[in-house]
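First the structure, in the form of structure tokens, and then the observations on it.
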Number of protein chains: 2
Amino acid sequence: MAKDTKQRILDAAERLFAERGYAGVSLRTIVAKAGVNLASVHYHYRSKEELLKAVFARRLEPLNRERLAALDDLELRLREEQTPPVECVLEAFLAPVFRLAEDEERGGPVFMRLVGLMYGESGDLVRMLFMQQMTEVAERFYRAFARALPELSREEIYWRLFFMVGVMAHTMRASDQLQLISGGLCKLGNAEVMTARVVHFLAAAMRAPEGCEVRG
Amino acid sequence: MAKDTKQRILDAAERLFAERGYAGVSLRTIVAKAGVNLASVHYHYRSKEELLKAVFARRLEPLNRERLAALDDLELRLREEQTPPVECVLEAFLAPVFRLAEDEERGGPVFMRLVGLMYGESGDLVRMLFMQQMTEVAERFYRAFARALPELSREEIYWRLFFMVGVMAHTMRASDQLQLISGGLCKLGNAEVMTARVVHFLAAAMRAPEGCEVRG
DNA sequence: GTCTATAATCGGATAGAC
DNA sequence: GTCTATCCGATTATAGAC
């Protein structure tokens, strides 16, 4: 009937970490929510830190596999010399996140905030964990964007990818706030709608010619 | 010689909150860094929570005053019917942040991470504190952007402002990470350089025509 | 206003019975 | 695998001397 202890802990921890951050949640809060015993956390995971790693790994690994698969897919559809539309590269990176975010089976909306949290948490633990998981993905997507935007310098591409991540992370973390601020006007859409909205916004920015300053 | 206790606490708290988040820092760590006694925190501020509020207020109030002043300034320079260049509105919002960020007297680089933290911290405390401080600013800037981009719908403007905040917050919080990832290629510039970079990127995105979806 | 001392609680982790 | 009971350090907060 009930899911097994190990998974109940993972689910509760994910929810709570997403809501309050790593340092903001105690193991005791987690086991209370999970309806399990305190000692079981140390039995199944070795420590609070290892539990956090498990929480991240469960979502991040399939997510990044999806991203890389989408990129493989895109690159297969292109001839050697063609430059991919930047929208497609953006979509390969962003669509898997939004799809996961609406998949209740695999974490649903909770996962959105967890991703946002990963970029936001200031502790070394989370930052290193994240860097580790993302290096391969970052490398592959850097090359894809460099190919899609051949007129941009290396430095400029890095900066723009960085800004892209900022938009994604903020959307993951706080788009419910926008709903409030806008008085309900802005609602979260499904994965397709959200992806299209963000891709459209970012594509225009990514395509901007380099280095022209405008004065009013 | 030494600054007074109250301020020493505030300075230390700001630094530590910026580095590790609210829950990640204990009062004992703060007083150790400040070189003051534990009890003095409770004397000068009533609790850890009140201390956090004081930390935010010290920076946020002048920051938002500067933003509104920059906007006033811009609007004075325009005739009634003119639409301001979106770059100028972006600059009014963003330049004060980057200027504060390089002003050692008023918090310096520490302040950057503190701002990023505000948007990132998931606890209700920080979020409510922030919403409270930002409502007037949000209202004023919404109107300015609506004027600068008259062809966009209300909903679209809200979304784009939201994405803009994401870029800003991420830059505040994590641009040191970019320096690492890029192998030192991307360095943090001074306020002018950073503002120009972000404004340039965002202006292109803000100006994108509404609702056209692109397929590859 | 600043200190010492301490209260009262909460934190992660573990031992050992079942 | 799961539980109770407990260790023990850290935490916020306060009382009361100076």
Side-chain angles (χ1 to χ4, degrees), chain A residues 1-58 114 117-118 121-129, chain B residues 1-58 114 117-118 121-129:
Chain A
M1 182 86 74
K3 282 177 294 184
D4 73 330
T5 302
K6 195 168 175 176
Q7 176 136 7
R8 293 173 62 81
I9 294 169
L10 209 57
D11 290 341
E14 175 174 72
R15 249 204 162 68
L16 288 164
F17 285 152
E19 280 167 17
R20 310 182 206 170
Y22 177 71
V25 184
S26 70
L27 288 181
R28 296 179 134 89
T29 313
I30 293 171
V31 299
K33 188 178 191 90
V36 304
N37 189 275
L38 174 61
S40 61
V41 176
H42 290 94
Y43 175 79
H44 287 290
Y45 308 91
R46 287 161 18 99
S47 65
K48 187 184 179 184
E49 200 171 304
E50 291 294 320
L51 173 60
L52 179 69
K53 287 187 192 174
V55 165
F56 278 161
R58 172 169 63 157
L114 187 70
L117 176 74
M118 279 174 1
E121 273 274 330
S122 23
D124 289 342
L125 208 173
V126 180
R127 293 177 78 164
M128 280 171 56
L129 207 65
Chain B
M1 184 88 74
K3 281 178 293 183
D4 73 328
T5 302
K6 195 167 175 179
Q7 176 137 5
R8 293 175 62 83
I9 294 170
L10 209 57
D11 290 341
E14 174 174 73
R15 251 207 159 66
L16 289 164
F17 286 150
E19 279 165 17
R20 311 183 205 169
Y22 176 71
V25 184
S26 70
L27 289 180
R28 298 180 119 85
T29 313
I30 292 170
V31 299
K33 190 180 190 86
V36 302
N37 188 275
L38 174 60
S40 61
V41 176
H42 291 94
Y43 176 78
H44 288 289
Y45 309 90
R46 285 159 24 95
S47 65
K48 187 184 179 185
E49 203 170 303
E50 291 294 320
L51 173 60
L52 179 69
K53 288 187 192 174
V55 166
F56 278 162
R58 172 169 63 156
L114 186 70
L117 174 75
M118 280 175 359
E121 274 273 330
S122 21
D124 289 339
L125 207 173
V126 181
R127 293 177 79 167
M128 279 171 55
L129 206 66

**Report entry** Interatomic distance where OH belongs to A:Y43 and P belongs to D:dT2 [whole Å]
**Finding:** 7 Å
Query raised in the report: Expressed in angstrom and rounded to an integer, what is the separation of B:L51 atom CG from D:dA13 atom P?
Result: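 It is 10 Å, rounded to the nearest whole Å.
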Report summary line: Minimal heavy-atom distance between A:A18 and A:L114, with the atoms involved, is CB-N, 3.9 Å
Requested in this report: Please report the shortest heavy-atom distance between B:V31 and B:V41, naming the atom on each side.
Outcome: CG1-CG2, 3.3 Å
Query raised in the report: Is the NZ or CZ atom of B:K6 positioned over B:Y43's six-membered ring, under 6.0 angstrom from the centre and within 45° of the axis?
Result: no
Query raised in the report: Between A:T5 and D:dT2, is there a side-chain N or O to OP1/OP2 distance below 4.0 Å?
Result: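 Yes, A:T5 has a side-chain N/O under 4.0 Å of OP1/OP2 on D:dT2.
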Query raised in the report: Which nucleotides of nucleotides 4-17 of chain C have their base under 4.0 Å from a protein heavy atom (B), which only their sugar-phosphate (S), and which neither (-), written as one string 5' to 3'?
Result: B------BBBBB--
Query - Pair assignment for DNA chain D - dot-bracket with | for other-strand partners, Watson-Crick or G-U under 3.5 Å - result: |||||||.||||||||||
Got [X] and [Y] here, is their nearest side-chain heavy-atom distance under 4.5 Å?
{"X": "B:T29", "Y": "B:K33", "value": "no"}
{"X": "A:R8", "Y": "A:H44", "value": "no"}
{"X": "B:L52", "Y": "B:Y45", "value": "no"}
{"X": "A:D124", "Y": "B:E19", "value": "no"}
{"X": "B:K53", "Y": "B:R46", "value": "no"}

